[in-house]
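Data block below; observations after.
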Amino acid sequence: MSKRVAIVGIGYSGFRTTSADLSYREMIFEAATKCYEDAGGIHPQSIDSFVASAEDFMEGISIADEYVPDQLGAVLKPVQTIAGDSIQGLASAVMQIKTGQQSIVATSAFSKVSNLSHYEHVAAYATDPAYIRPLNEHPYFIAGLEMNRYLYETGTTREQCATVVVKNKYNALANPSAVYGAKITIDDVIGGPLLSAPLGVLDVSGHLDGAIVLLLASEDKARELNDKPIWIKGIGWATDTPNLDSRIEGLGTAVYAKLAAEKAYAMAGITTPGNEIDFAEVDDTFSYKELQHLEALRLCGPGEAGKLLELGCFAATGDLPVNVSGGSLGVGYLHEANGLQRVLELVLQLRGEAGKRQLSGVETGLAFAWRGVPTATGAAVILSNRP
Amino acid sequence: MQEKVHVSGGTALSEQDVHSGEIFMTEDSLDCAFAWDTGVAINRYLTELKNGRIIATECRHCNRIMLPPRLFCELCFKPSSGWVYINDTGVVNTFSICHVHWDASRIKEGEKPYLPAVIEIDGASAGMGIMQLLGEVEPEKIKFGMKVKAVWKPENERTGSITDIKYFKPI
Ligand SMILES: [Zn+2]
């Protein structure tokens, strides 16, 4: 069980608001081809198993699992699909290697949200049919409730939330894969149209199509496939009760993030994450979520994230760069593929391949994904370029 | 045997109990629409069906003519080598005589059973075919390996769909 696991290949495609020229199969094939090429040109025949992360409703296919193999080169191979964020799928792939069951495992996720005519209907169908859905509200009202309570409990300000949007959209300008990059001001965010107050339109990340494929290998295979293996030091995930009105610590706190991260920290032997994590890609589906999650992940103290943000601590040039990729607010929202987008940025940074936005001297990074409203599920992974 | 089956106490719910509100149910219907990007391969396939032709792709690595066409060979994991037109004739690989509609309701008295079949198309690699219906044939006359040909909709009725072929009939 002590086997070390590394990411030895990365590939991605799409990262556009629409992708009408390609089917999801063709888009994933492109990402998989790039990933296998990145891993020394491995042929999928030599890959032991495959793990996809997907949600049937988002794809409009029941049992979307069955449509996974072709575009990954996984025909007649062990294939499974995790109905969760792709960091949960990554965890499954890691376990297959750690148990010794497999040596080389590919994991994938994609978004073709542009093919879904009314995302709101699918989102609404995620709420409880008996005691939430009859209220007939757009599910973003849940984000409004969370945000309001988080601001109330911590003293975080509306301006500080808007600063997250300004930062991430600015970071995205240095990321060629990010489509929502912009130079905007706090006033632009606060003065924009409201959705479910205090949440405004600009506090919400925009949808994106894209596919990401990662290749993982056990330590003995990793160095054969890539001379810059990126090591998985810790991984964890957790889910709170679905009851929106009786979450264990209420809607103001992201307990799922705390529990997921503590598992990952314990596995990685990290006791003071604020000192030991060099940079982080943290869920920012909504502006306030980045701050709420940073606190839950113990990357700063309770109620401190907003103030530290204003001091520039989480900027690309700060002590703890957060969402240097642009995050979901800057790159775009890839649904269950969000987690792998954050992991992808970690790998690029840890390899020193992040181009204009490359951070200097980074060794350990954390990626954290949340499954969006109305869920209370989060998954965290810690990566390092040191074994 | 039958009389020994014991049903525990109480009265079974009827459909009427549900509809009359005797028991609490919460109802809602899913309203979500999708428009799938067909992509390069299937887009060309459907476009050619509209033209009254069947097109496949070729993989020169494993020497397969692949139908329905795909942009990459799922076995070699290489991009396809090119497009090839193939015939609209083939042989029946397998078939079934369907006595129910898609929603599992039974076909009516006198209504003909549906005859779904896998047709191995002439010119495609062995074992590669398309799913279609059989027509102009009595169910009991269908044979494995029976030669068939596509019956197309008139040109002005074709929409770029697999239903541009009405069915395959014996030749
Ligand atoms: Zn081939």
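The sequence lines fix the lettering, A, B, ..., with proteins before strands; numbering per chain opens at 1.
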As an exercise, state the distance from OG of Ser23(A) to CG of Leu71(B), rounded to the nearest 0.5 Å. 7.5 Å
Under 4.5 Å, heavy atom to heavy atom: which of residues 58-69 of chain A reach chain B? Give them by number, or say none. Met58(A), Glu59(A), Gly60(A)
Side chains of Pro129(A) and Asp28(B), heavy atoms from C-beta outward: is any pair under 4.5 Å? no
Should we say atom CD of Gln16(B) is surrounded by more than 12 heavy atoms from elsewhere, each under 6.0 Å from it? no
With a sphere of 6.0 Å drawn around CD of Glu157(B), does it hold more than 12 non-hydrogen atoms of other residues, nucleotides or ligands? yes
Do you know the tightest heavy-atom contact between Tyr125(A) and Leu30(B)? OH-N, 3.0 Å
More than 12 heavy atoms of other groups within 6.0 Å of Gln45(A) CD: no
Once you round to the nearest 0.5 Å, how far does CD1 of Ile47(A) lie from CZ of Phe77(B)? 8.0 Å
Interface moiety of Cys73(B) toward chain A, non-hydrogen atoms closer than 4.5 Å: neither
Atom of His43(A), atom of Leu75(B) and distance for their closest heavy-atom approach: CE1-O, 4.0 Å
Examine whether an atom of Thr33(A) lies under 4.5 Å from a heavy atom of chain B, and if so say whether it belongs to the side chain, the backbone or both; otherwise answer neither. both
Do Asn115(A) side-chain atoms and Asp37(B) backbone N/O form a donor-acceptor pair below 3.5 Å? yes
Just by distance, do the side chain of Gln71(A) and the backbone of Phe72(B) share a donor-acceptor pair under 3.5 Å? no
Taking all non-hydrogen atoms of both residues into account, name the closest pair between Glu26(A) and Val40(B) and its distance. OE1-N, 2.8 Å
Please round to the nearest 0.5 Å and tell me the distance separating atom CZ of Phe57(A) and atom SG of Cys32(B). 6.0 Å
Report, by ascending residue number, the residues of residues 96-107 of chain B in heavy-atom contact with chain A at a distance under 4.5 Å; give 'none' if the set is empty. none
Within 6.0 Å of CG in Leu76(A), more than 12 heavy atoms from elsewhere: no
Find the distance between CZ (Phe29(A)) and NZ (Lys78(B)) and round it off to the nearest 0.5 Å. 9.0 Å
Heavy-atom nearest pair, Ser117(A) first then Ala35(B), reads OG-N, 4.3 Å
